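In this chain, residues are counted from 1 in sequence order. All values derive from a computational prediction rather than experimental measurement.
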Amino acid sequence: MMAGFQYFPHTDSDIQAMLKRIGVKSLDDLYADVPEEFIYKGEYDLPDAMTEQEVREFFEGLAAKNPRLKVFAGAGAYDHYTPAVIPYITQRSEFLTAYTPYQCEISQGTLRYIFEYQSMICTLTGMDVSNASMYDGPTAAAESMRMSVAQAKKKNTVLVSSTLHPQVRGVVRTYAEYSGVTVREIASCNGQTSICSLEELMQEGDVAGVIVPSVNRFGIIEDLAGFADIIHAGKALFTVYCDPSALAVVKTPAEWGADVAVGDGQPLGIPLCYGGPYVGFMACRKDYMRKLPGRIVGETRDREGRRAYVLTLQAREQHIRREKATSNICSNESLMALWVTVYLSLMGPEGMRRVNDLCYQRSHYLYSRLLGTGKFEAVFPDAVFLKEFVLKPLVPVRDLQQRLSDAGFFAALETEEGYVSFCVTEKRSIADIDALVNALES
């Protein structure tokens with residue numbers, strides 16, 4: 001090995017052969033164009049080598065600095081249970097090391113699970129076709145905005161509900177700014193998207209698409225009756241942003257008459273991890289399949305009649321002219337798509353309903369207990385919620401959050417209006433809820 005470069009896997013003769021091939025005498029000659037004052041000649045300040053045990057202890061020490069709080073917060077990221085078998089299956093080498101499914105003859109495993117993922121997303125949303133996943137929920141919503149404008153051709157305005165999560169609205173606005181699209185917000189009424197505001201904005205014309213939530217940022221299950229008729233009368237596309245876990249028990253986008261369904265797959269067993277990774281989903285009616293960004297895996301038969309999977313649609317700039325591409329999205333969160341596919345396979349319809357039943361019971365229990373402390377007021381007393389809700393705090397929010405944090409809870413996220421939100425998943429027990437309330441009453 002070459003002295004000073006022990007981390008190179010090449011022998012001295014290997015290096016000399018490569019240098020001779022490119023016509024230089026030494027490795028230093030490769031940097032001949034770099035000014036002398038910018039070349040570092042000292043020793044690198046690298047730590048001493050550690051044993052495996054020492055490395056483990058070092059990182060355990062770093063991990064111990066993270067606060068271990070029980071999560072009673074949602075706002076688009078939910079602390080649902082992850083069955084233990086999921087990490088085992090997703091870490092199998094044929095899944096974890098697979099990069100791209102372009103070569104179908106050697107990618108049948110990857111193509112198979114993407115096909116199953118698409119099928120399950122279609123079952124959840126009621127849509128006809130799903131793509132092979134997106135980066136996350138907000139970017140999926142932004143892609144639906146671009147899809148609406150591409151479909152409408154001459155219309156350039158997209159309406160988004162003010163009850164969408166702020167991160168979703170923010171990403172849509174960012175995409176719109178650099179796509180020349182105008183974004184306008186639909187007002188809310190009693191915590192839900194106002195159908196009157198929608199009608200007024202639609203009557204002004206130039207609307208290519210509308211994006212509204214199924215379960216909104218207040219945790220309320222929205223009543224979208226009549227929305228599809230108004231939107232379609234204006235020849236615009238109707239997109240519903242969904243919590244896929246809730247779709248097991250609430251009306252699907254298809255039942256509301258939507259054209260496109262988007263959202264984040266994180267509630268389907270993907271653990272919270274400081275912002276990611278997530279997986280966006282996007283599905284639509286078959287009429288708009290060719291406007292769907294990303295790619296679609298389809299099922300076929302090989303020449304011997306055996307079932308096989310292939311990339312059926314790839315409507316992006318790497319395969320067609322840039323100006324004709326529906327999107328420049330170049331990848332999908334394939335490993336996370338596998339994760340939610342395994343989760344949905346394990347849970348099944350009954351398991352998904354059970355998760356929502358537990359969330360509903362325990363969130364309503366916390367709701368009544370918090371009101372009983374006298375430190376909160378109801379904001380939307382007649383609203384229907386599943387696992388997340390907001391209250392008006394009668395004490396300073398910072399004090400409230402600090403008290404809960406000191407007691408070991410991450411909760412009471414502040415909304416744009418000054419309310420605080422709480423979320424209860426199946427992971428939080430009645431004892432956990434009582435402990436949280438006791439921390440506020442003490």
* Asked: Mind checking whether Tyr309 and Phe115 have parallel, tilted or perpendicular rings, split at 30° and 60°?
  -> tilted

Is it the case that the side chains of [Y] and [X] hold a donor-acceptor pair, with the cut-off being a distance below 3.5 Å and no angle test?
X: Thr163; Y: Ser188; result: no
X: Glu333; Y: Ser133; result: no
X: Glu57; Y: Gln53; result: yes
X: Asp434; Y: Tyr365; result: yes
X: Tyr343; Y: Thr82; result: no
X: Glu388; Y: Ser363; result: no
X: Asn216; Y: His165; result: no

Could you check whether [X] pairs with [Y] (Lys NZ or Arg NE/NH1/NH2 to Asp/Glu carboxylate O, under 4.0 Å)?
X: Asp206; Y: Lys155; answer: no
X: Arg173; Y: Glu177; answer: no
X: Asp243; Y: Lys387; answer: yes
X: Arg362; Y: Asp432; answer: no
X: Lys65; Y: Glu60; answer: no
X: Arg403; Y: Asp406; answer: no

Is the side chain of [X] donor-acceptor paired with the backbone N or O of [Y] at a distance under 3.5 Å, no angle test?
X: Gln118; Y: Val129; value: no
X: Tyr274; Y: Leu272; value: no
X: Asn356; Y: Met352; value: yes
X: Asn131; Y: Pro293; value: yes
X: Asp128; Y: Lys286; value: yes
X: Trp339; Y: Gly269; value: yes
X: Asn156; Y: Gly180; value: yes
X: Ser144; Y: Ala141; value: yes
X: Gln402; Y: Asp399; value: no
X: Ser130; Y: Cys122; value: no

* **Candidate list Phe385, Phe422, Phe380, test ring pair (Phe, Tyr, Trp, His ring centres under 6.0 Å), partner Tyr367, passing option** => Phe385

Does a sphere of radius 6.0 Å around [atom1] in [X] hold more than 12 heavy atoms from other residues, nucleotides or ligands, not counting ones at 6.0 Å or beyond?
X: Glu52; atom1: CD; result: no
X: Arg92; atom1: CZ; result: no
X: Asn438; atom1: CG; result: yes
X: Tyr360; atom1: OH; result: no
X: Lys70; atom1: NZ; result: no

* Structure fact -> Here the gap from Ile195 atom CD1 to Ser197 atom OG, rounded to the nearest 0.5 Å, amounts to 10.5 Å

* Structure fact -> One should read off an interatomic distance between Ser148 OG and Ile231 CD1, to the nearest 0.5 angstrom, of 9.5 Å

* Structure fact -> When every non-hydrogen atom of Val397 is compared with those of Ala412, the smallest separation belongs to CG1-O, 4.4 Å

* Could you tell me if the ring centre of Phe389 sits under 6.0 Å from that of His364? => no

* For the ring pair Phe95 and Tyr113, is the centre-to-centre distance below 6.0 Å? -> yes

* Apply salt bridge (Lys or Arg N to Asp or Glu O under 4.0 Å) to the pair Arg307 and Asp302, showing each step before the final yes or no. => CA-CA 7 Å; Arg307 183 171 61 178; Asp302 66 12; over 6 Å; no

